[in-house]
J.: 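Take a look at this one; I'll ask things after.
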Number of protein chains: 4
Amino acid sequence: MLNNKALNGEKIIVNIRDIKIGIDNRPIIIAGPCSVESKNQIIETALSLKEIGVDILRGGAFKPRTSPYAFQGLGYKGLEYLKQAGEAAGIPVVTELMTENDLNIVSDCADIIQIGSRNMYNYPLLEAVGEINKPVLLKRGMSASILEWIMAAEYIAARGNKNIILCERGIRTFETYTRNTLDLSAVPIVKKKTGLPVVVDPSHGTGIRELVNPMSRAALACGADGLMIEVHLDPQNALCDGQQSITLDEYKSIYEMKRKIIISPTSIH
Amino acid sequence: MLNNKALNGEKIIVNIRDIKIGIDNRPIIIAGPCSVESKNQIIETALSLKEIGVDILRGGAFKPRTSPYAFQGLGYKGLEYLKQAGEAAGIPVVTELMTENDLNIVSDCADIIQIGSRNMYNYPLLEAVGEINKPVLLKRGMSASILEWIMAAEYIAARGNKNIILCERGIRTFETYTRNTLDLSAVPIVKKKTGLPVVVDPSHGTGIRELVNPMSRAALACGADGLMIEVHLDPQNALCDGQQSITLDEYKSIYEMKRKIIISPTSIH
Amino acid sequence: MLNNKALNGEKIIVNIRDIKIGIDNRPIIIAGPCSVESKNQIIETALSLKEIGVDILRGGAFKPRTSPYAFQGLGYKGLEYLKQAGEAAGIPVVTELMTENDLNIVSDCADIIQIGSRNMYNYPLLEAVGEINKPVLLKRGMSASILEWIMAAEYIAARGNKNIILCERGIRTFETYTRNTLDLSAVPIVKKKTGLPVVVDPSHGTGIRELVNPMSRAALACGADGLMIEVHLDPQNALCDGQQSITLDEYKSIYEMKRKIIISPTSIH
Amino acid sequence: MLNNKALNGEKIIVNIRDIKIGIDNRPIIIAGPCSVESKNQIIETALSLKEIGVDILRGGAFKPRTSPYAFQGLGYKGLEYLKQAGEAAGIPVVTELMTENDLNIVSDCADIIQIGSRNMYNYPLLEAVGEINKPVLLKRGMSASILEWIMAAEYIAARGNKNIILCERGIRTFETYTRNTLDLSAVPIVKKKTGLPVVVDPSHGTGIRELVNPMSRAALACGADGLMIEVHLDPQNALCDGQQSITLDEYKSIYEMKRKIIISPTSIH
């Protein structure tokens, strides 16, 4: 069943400007708020993160919400603000693409295009991002098997775009204490089978602020090429995902932990 | 969390030509092959089903496959053949819409637009079909909670289109003997909460030919407004879903069973 | 993997006094409260059920609770009361055995020994009940695969006791609206593979009072040999499982529905 | 619902001879074969592990198998051999207790009594081990929620025995690539809520030999107090769990990794 012709396990490094994702012992960090809430908020967050240290800024402009009446994101305005924030801080940005009709405009604003968990099976969308050159961050579907996830990446690569960063973000299980069950065992498996870099999102992966730090450590310890973390200037008042967003101080601890790994490869890695 | 303003439990009957979906004790049947394989195949299947008795013809033109290298369907040609088959047999047709860019062409060929399980969270797609008048068959996501499913229907209804037929097709669980676990308890729950008609797909719901008949009985017994069944002229040689497709003879038994319920309301219903 | 030598699919009818479980179109009903709460309660319930019509009385004396501080049942006194209630109403009783050390005393009080969902993997316990002649009601583990369930029955039959009634009671899934997900597709599968009678528990299977009736219908429609239903004189004040227990009136509707199936085999069955 | 009176979060160190389980940055390792296959095998394994470095020896005498016809373990003889192996290597041993009727004999042979995943809901068994002084290794049920697991520990502690080591061993999910889904997020949660030490079993947790090392790293990185690993002299010919058992060489790498954490606390921990 695993008919992966385009991705066959040969190591692939994804390049964004001067950042290389996938180099052993050189994990990167993607951080930012769940969504772009205002121009000030996203710019301030970007600058604060840059001061501490960050590789890529995240921020959602189009938010997939369970209810049509919940905050849906700032939309196109949000994309603009995100782009401005990236320029202000001098860092690349990643944001979610919800429909192929927005491919051009999102491509114009972002350095990396994110395919969200709910869209991992959206094959027309995968084919669309497969036909451009821009790096794609492909989140595992919340109930996608490892094989389905690998084949979703194959949909993209088969069209010519192998600049794919896989992102494990937890899977849906019977457990309700955590929002999802973070499946770290998937990390070494998909790294080996596809050759692609794999990052881990401990924010959606657990849904609990206090777990972001320990699960970040665990993720890097088992070989993840990076982390994707929700950081908010004021989590209690975030428009979405507040309970899993961490503060800048909490982010700093995680950044420091990651830095040590790079400096001292004789550690747990 | 359940903020369903558009669908509040008031009973909704969905009309397609002279067919009414949602009338108590008047279940309907949707039947046909997994995919349109050729013009002859779909027309012959349609005529055979018509002869036995059927309300609506199904057939996929764009097939969502786990692998990009698997048969993807006949595409636009498949839509044409399906439309011709419906006209030949004088019955309405339903087919899956994969991207809002195909909305017009699919709308032109089909009487009901199906949103597949893998697209239940594709909110832009839901909004697109919410803005037309055509009936929509909304399949439950394979790992969608009942509440998420109800809110997905709300996405469509909130845009003005309340002609929604919900379809329970099994959920993903730890059990591997069946392809999915058919969750019949969802039927009375969502019927009551949304007021919408609910049909059941025992084909995907079990993945096993021998289970289609008993689960069809169970579905109608608990109040489903209809069934959606994969029928193939030659299941062993079907291009997809052969192991769960039933023959015309097996379909006939199920149709007869359904007919009896209509004739004799003092039965189990 | 399915090495079922003792249970090979040959039909097995389980006899308790003059009741035969497993005859086509002759479903039986087991009903009673979640637990024996007092001598009066269980006797009154038994007499009331008898008046409406019931085959077997259920009632728990030893309740497996998630917390050690929750009501654990009346224990040995509960067994006595249950036995007295069965005698007063002239019907057989079934109750759960928690440890092989209680085998004799439970055997003495009950006509059928129940192995609960949490004990389906308790192989020493299965072997113990496999060595006696008394009928055993084997509940499916809440996360047991169909194959594991069949082999659990094999543990019992391999020791010589083939008087096994299987009971599907819902499996644990991601869905939280229902307490468990009732897996009716398991019914025809295990009936065919083992030859054993299979009953369905729609009470634990859904955890919701309003679903007990429709799921009872669905269970019988797909061939279940009976139902196991929690009935309470006053569900709102039940010591456990109140929200899924039905009243005597609600029970009456279900009994009437079952009776019709027996009278009129040309119905949905 | 979380009514944990006996275990309230106060840190508990579990002592076995001179080993202390639960000290920060002092993880321990439990290693050994899935089952005791012969006297020579278990003694040789114990001595080899001792030579490399190990804290506690594991080995099953009574194996819970899905099928009654599969190898069930050497039983009482196995216990003897295990005890002899522990004495020969001068290390404590842990083995699984299947029924309270074996409590004395297992107590006599082992330093730690293991309650297996399939018995986490066996409340009479939990109460029995709650009444002795010996340390208990309580494995999480394969589909047990974190809260149920905590309350299972409460059953033991409520009877007076707080010498409990919790063991996360993976949970049952839809994913079939791995045998279970190792839920590392549970580690910091239950450590904090109960105060008990928590070890991780990456062998059952993944079912795949190549994943034992990376998941061991991840487990220690997120704060696990130790690891429980299946090691076999010749995994290809192991009587059970061969595909997840690692060789002595592979074990050595993991032991070395653990040792570095103790020597250098300024690493990822």
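So that the names make sense, note that chain A is the first sequence line, chain B the second, and so on, each numbered from 1. Only heavy atoms go into these numbers, but all of them, side chains included; no hydrogens, no water, no symmetry mates.
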J.: Any salt bridge between E175(D) and R140(A), counting N to O under 4.0 Å?
T.: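 Looking at R140(A) together with E175(D), the answer is yes, because their closest N to O distance falls below 4.0 Å.
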J.: Nearest 0.5 Å please: distance from the CG atom of D183(D) over to the CG atom of N180(A).
T.: 11.0 Å
J.: Give, as side chain, backbone, both or neither, the part of S185(A) having an atom under 4.5 angstrom from any heavy atom of chain D.
T.: both
J.: Heavy-atom pairs under 4.5 Å with chain D are the metric here; pick the option from S143(A), G205(A), P188(A) that has the most.
T.: S143(A)
J.: What part of T176(A) gets closer than 4.5 Å to chain D, counting heavy atoms only: side chain, backbone, both or neither?
T.: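 Contact with chain D is absent: no heavy atom of T176(A) under 4.5 Å.
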J.: Name the region of L211(A), side chain, backbone, both or neither, that has any atom closer than 4.5 Å to a heavy atom of chain D.
T.: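 Contact with chain D is through the side chain of L211(A) alone.
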J.: Would you say that more than 12 heavy atoms from the other residues, nucleotides or ligands in this model lie under 6.0 Å from the CD of E256(D), or not?
T.: yes
J.: Looking at K11(A), I'd like to know if its NZ atom is crowded, meaning that more than 12 non-hydrogen atoms belonging to other residues, nucleotides or ligands lie closer than 6.0 Å.
T.: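 Result for NZ/K11(A): enclosed.
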J.: One pair to check against side chain to side chain contact (heavy atoms under 4.5 Å, CB included): T181(D) and I171(A). What are the steps and the verdict?
T.: CA-CA 10 Å; T181(D) 296; I171(A) 58 174; 4.1 Å; yes
J.: Just verifying a value: how many Å separate L182(A) CG and C222(D) SG, rounded to the nearest 0.5 Å?
T.: 10.0 Å
J.: Would you indicate whether E51(D), at its atom CD, is surrounded by more than 12 heavy atoms from other residues, nucleotides or ligands within a distance under 6.0 Å?
T.: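 Open: at most 12 neighbouring heavy atoms sit under 6.0 Å from CD of E51(D).
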J.: Check whether S145(A) gets within reach of chain D through its side chain, its backbone, both or neither, counting any heavy atom under 4.5 Å.
T.: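 For S145(A), the contact with chain D is made by backbone and side chain together.
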J.: So which part of A186(D) gets closer than 4.5 Å to some heavy atom of chain A, the side chain, the backbone, both or neither?
T.: neither
J.: For F174(D) versus R172(A), what's the shortest heavy-atom pair and its separation?
T.: CE2-O, 3.7 Å
J.: If we define contacts as heavy-atom pairs under 4.5 Å, which of T206(A), I189(A), V187(A) has the most with chain D?
T.: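 With the most close heavy-atom pairs to chain D, the winner is I189(A).
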